[in-house]
There are 2 protein chains.
Amino acid sequence: MSVNLRQVAERAGVSVRTVSNVVSGFALVAPATRERVQRVIDELGYKPNAAARHLRGGRSGLVALVLPEMASPYFGELAGLLADRAEAYAWTLLVQQTGGDAGRERELLDGVRAQAVDGLIMSPWGLSPSDLTRRPGSAPLVLLGEQDAGGLLDHVAIDNVDAATETTRHLIATGRRRIAAIGLQPHLVNGTAARRAEGYRRALAEAGLPALEVPVERLHRADGAAAMTRLHHSGAEVDAVFCFSDQLALGALHVALSRGLNVPGDLAVAGFDDIEDGRFAHPALTTIAPDKPALADAALKCLSDRLADVHAEPKRLVVAHRLEIRASTAARTS
Amino acid sequence: MSVNLRQVAERAGVSVRTVSNVVSGFALVAPATRERVQRVIDELGYKPNAAARHLRGGRSGLVALVLPEMASPYFGELAGLLADRAEAYAWTLLVQQTGGDAGRERELLDGVRAQAVDGLIMSPWGLSPSDLTRRPGSAPLVLLGEQDAGGLLDHVAIDNVDAATETTRHLIATGRRRIAAIGLQPHLVNGTAARRAEGYRRALAEAGLPALEVPVERLHRADGAAAMTRLHHSGAEVDAVFCFSDQLALGALHVALSRGLNVPGDLAVAGFDDIEDGRFAHPALTTIAPDKPALADAALKCLSDRLADVHAEPKRLVVAHRLEIRASTAARTS
DNA sequence: GTGAAAGCGCTAACAG
DNA sequence: CTGTTAGCGCTTTCAC
């Protein structure tokens, strides 16, 4: 078994209290004592027991990250950033996947783990904001994504309406007139797709252009491909598609290229999220680039603030985004 | 604060022992008592305290996943599979990133967290197998990837030499004669790239063809792009590139297409890992598809077996792979 | 500056 | 079948 405080204390000829002081570094200890104790700690390879600290102090040093899926490039990047930056708060990240399922989200929110972590960072798809406010006493929760919970929950996100408006305006500015949107998810309560659709419609309305919206089941490449195929079969003449995620856009792009379309000549394609794939696609994908490091920092900071003051006013943090214009939406040279 | 055993016991008019029995379900409890206690548990919303259980029982229900980076599609997919399947073992996954850095790997392996988890699943890049065997008493470790630790460590992997041989033979069979390999990492002790290079050389030797190896710094798309650019500038005439990861291949593909090359007409491109990107690239990427679900299952099973018997003989588990032939290496129609 | 001891919530050995 | 209780390793209050 591993070494404990008492063994270190005995060996160093001091009490456990003193060893504890040396380890935590807070209380005053005579320099000579401190050095002697430290030597014994190194010698014995003493490591404080996390379970005992947790039990005693009520803090585990663990933060749960609850995501629809880690394999998605967007969430993968975000998880990586969060894991790295969590270190500044002495937190370790624990990841749990929901598949976007409401039942599973509920389960993870109410489960044993939710009480054993210092906080949760979650990107809900299935649960509505009002569902999310109804939770028995588990750890503080910070949401990723715009969630209209009537100011009752902390959340961090970009301004999706604005980003979508900007993207659609860009497509219009490059001379496109028949612009389809791929990515509405009518079956989800999650408002992100709805907000992007709102921005899309707004820009089209400004220009007096008609909207053409193609719903999808999920947000994978295959869904983008299927939507593009449906769009094609519908006979709709389209000169641009705005996809609500880069994955959808890459799927759509794949189908367009396979059908022999010239992108951006015949069809412009824009995405959302700025995943690495999109930068190396051919043509490279125009996209909305959220400031992901800022998003990760904001989420952690928000959680940290909440822990410091449980009764503070819930925050709504908006992080920056940037329209990243690449080859897939270049203006037609006609 | 939250409810504990004692409060449930008092309310139900039984001892903590009985409540504990009801919760764990192991010991015998009279049906009437069980029901009464269960009702109080539900009423009070009692949830067992993970810290106390951990302290008492020595098991945290946590498994650390130590990876170079979560944002990489391959590791993202694997992490997702592991997180899902860990549930069958009642484990929650905790993820830590190393960036492939040896110091960081050491740190995570020896740190406090490594003692507070039931086990670790790790994909080492910086530490050599012999480094990995030198560990003070932390939790059991299962390695991902072929690690020649002289049979001292549990590890699960595909047969990299075989997979690379197969891929190279395929390129030769489609009529390619000047086949470059992109992805050696001479600065890393990790043997994976070396094994793939071995398979590549073997197949070339069989056919009496020369090898042309391009090293890379890391395994991102940008590195593949840089390698392809260097290859081009070197003036080497090449009709196929075998990249040791799909990310490298996608970077190389991007550069090739940007230079106006026809893929697969002028140049065949093959990758490794079967990430979703590759399937939707244009042309779709030929690749080695490891059986990732099997890999995840094997790693968890291996860890579970190790926990059950600390002194069992270390295992070397080999999971299946399949050469997935797609458009990027189609035979030339000349 | 340092020691003694209580107690966080749980499990399981011991008693009945 | 159920009650009582020691103790997992740590922090911290209280004494000295």
Side-chain angles (χ1 to χ4, degrees), chain A residues 1-38 40-41 44-62 90 112-118 137-139, chain B residues 1-38 40-41 44-62 90 112-118 137-139:
Chain A
M1 249 344 240
S2 81
V3 190
N4 64 22
L5 267 193
R6 202 171 45 74
Q7 295 167 344
V8 175
E10 275 170 15
R11 180 89 171 250
V14 295
S15 78
V16 289
R17 164 71 207 254
T18 303
V19 182
S20 178
N21 283 342
V22 171
V23 173
S24 60
F26 277 125
L28 269 8
V29 181
T33 314
R34 147 157 284 129
E35 200 189 332
R36 183 155 42 93
V37 170
Q38 188 59 55
V40 176
I41 287 177
L44 264 45
Y46 168 75
K47 297 267 165 29
N49 178 304
R53 280 192 160 172
H54 181 188
L55 180 57
R56 182 64 234 245
R59 295 184 67 138
S60 59
L62 256 28
V112 193
R113 276 278 161 242
Q115 306 207 296
V117 296
D118 295 343
S138 80
Chain B
M1 249 343 243
S2 79
V3 190
N4 64 22
L5 267 193
R6 203 169 46 74
Q7 296 166 345
V8 175
E10 275 171 13
R11 181 88 171 249
V14 295
S15 77
V16 289
R17 167 68 207 256
T18 303
V19 182
S20 177
N21 284 341
V22 170
V23 173
S24 60
F26 276 126
L28 269 8
V29 182
T33 314
R34 145 157 287 130
E35 202 191 331
R36 184 156 40 94
V37 170
Q38 187 59 55
V40 175
I41 288 176
L44 264 45
Y46 169 74
K47 296 267 165 30
N49 179 304
R53 281 192 159 172
H54 181 188
L55 179 57
R56 185 62 235 245
R59 296 183 67 138
S60 59
L62 256 28
V112 193
R113 278 277 161 243
Q115 306 207 295
V117 295
D118 296 343
S138 81

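Bear in mind that the values here come from a model prediction, so they are computed numbers and not experimental data.
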B:Arg59 atom CZ is separated from C:dA12 atom P, nearest whole Å, by 12 Å
For B:Val23, answer base if it contacts any base atom (sugar-phosphate contacts may also be present), sugar-phosphate if it contacts only those atoms, and nothing otherwise; contact means non-hydrogen atoms under 4.0 Å. nothing
Figure out the CG/P separation between A:Leu5 and C:dA4, and round it to whole Å. 14 Å
Using atom CZ of A:Arg6 as one end and atom C1' of C:dA6 as the other, report the distance to the nearest whole Å. 16 Å
Which part of the nucleic acid does A:Ser20 contact within heavy-atom distance under 4.0 Å: base, sugar-phosphate only, or nothing? base
Can you see which heavy atom on B:Gln38 is nearest to which on B:Val22, and at what distance? OE1-CG1, 3.8 Å
A:Ala30 side-chain proximity, nearest of D:dT4, C:dG9, C:dG1: C:dG1
Starting at atom NZ of A:Lys47, determine the distance to atom P of D:dC10, rounded to an integer number of angstrom. 13 Å
Among C:dC10, D:dT2, C:dG3, which is the nearest nucleotide to the side chain of B:Tyr46? C:dC10
Could you check which of D:dG3, D:dC10, C:dG3 has an atom nearest any side-chain atom of B:Arg17? D:dG3
Counting only side-chain heavy atoms from C-beta out, which of D:dC10, C:dA5, D:dT4 sits nearest to B:Ser15? D:dT4
NA contact type, B:Thr33, heavy-atom cut-off 4.0 Å: base, sugar-phosphate, or nothing? sugar-phosphate
When rounded to whole Å, the CZ to C1' distance for the pair A:Arg53 and C:dG9 reads 19 Å
Counting side-chain heavy atoms from CB outward, which of C:dC10, C:dG3, D:dT2 is closest to A:Val14? C:dG3
With a 4.5 Å limit on heavy-atom distance, are the side chains of A:Val40 and A:Tyr46 in contact? no
Send over the distance from A:Glu35 CD to C:dG1 P, rounded to a whole Å. 16 Å
Heavy atoms only: give me the nearest B:Pro48-B:Arg53 pair and the separation to one decimal. CB-CZ, 3.6 Å
Quick check for you: to the nearest 0.5 Å, what is the distance between A:Ser2 atom OG and B:Gln115 atom CD? 5.0 Å
Atom pair distance, as rounded to whole Å: CG in A:Asn21 and P in C:dG1: 11 Å
Whether over 12 other heavy atoms sit under 6.0 Å from B:Glu10 CD: yes
For A:Leu55 and for A:Pro31, find the nucleotide of DNA chain C with the closest heavy atom, then tell me which residue's nucleotide is more 5'. A:Pro31
Rounded to whole Å, CG of A:Asn49 lies from P of D:dG9 at a distance of 7 Å
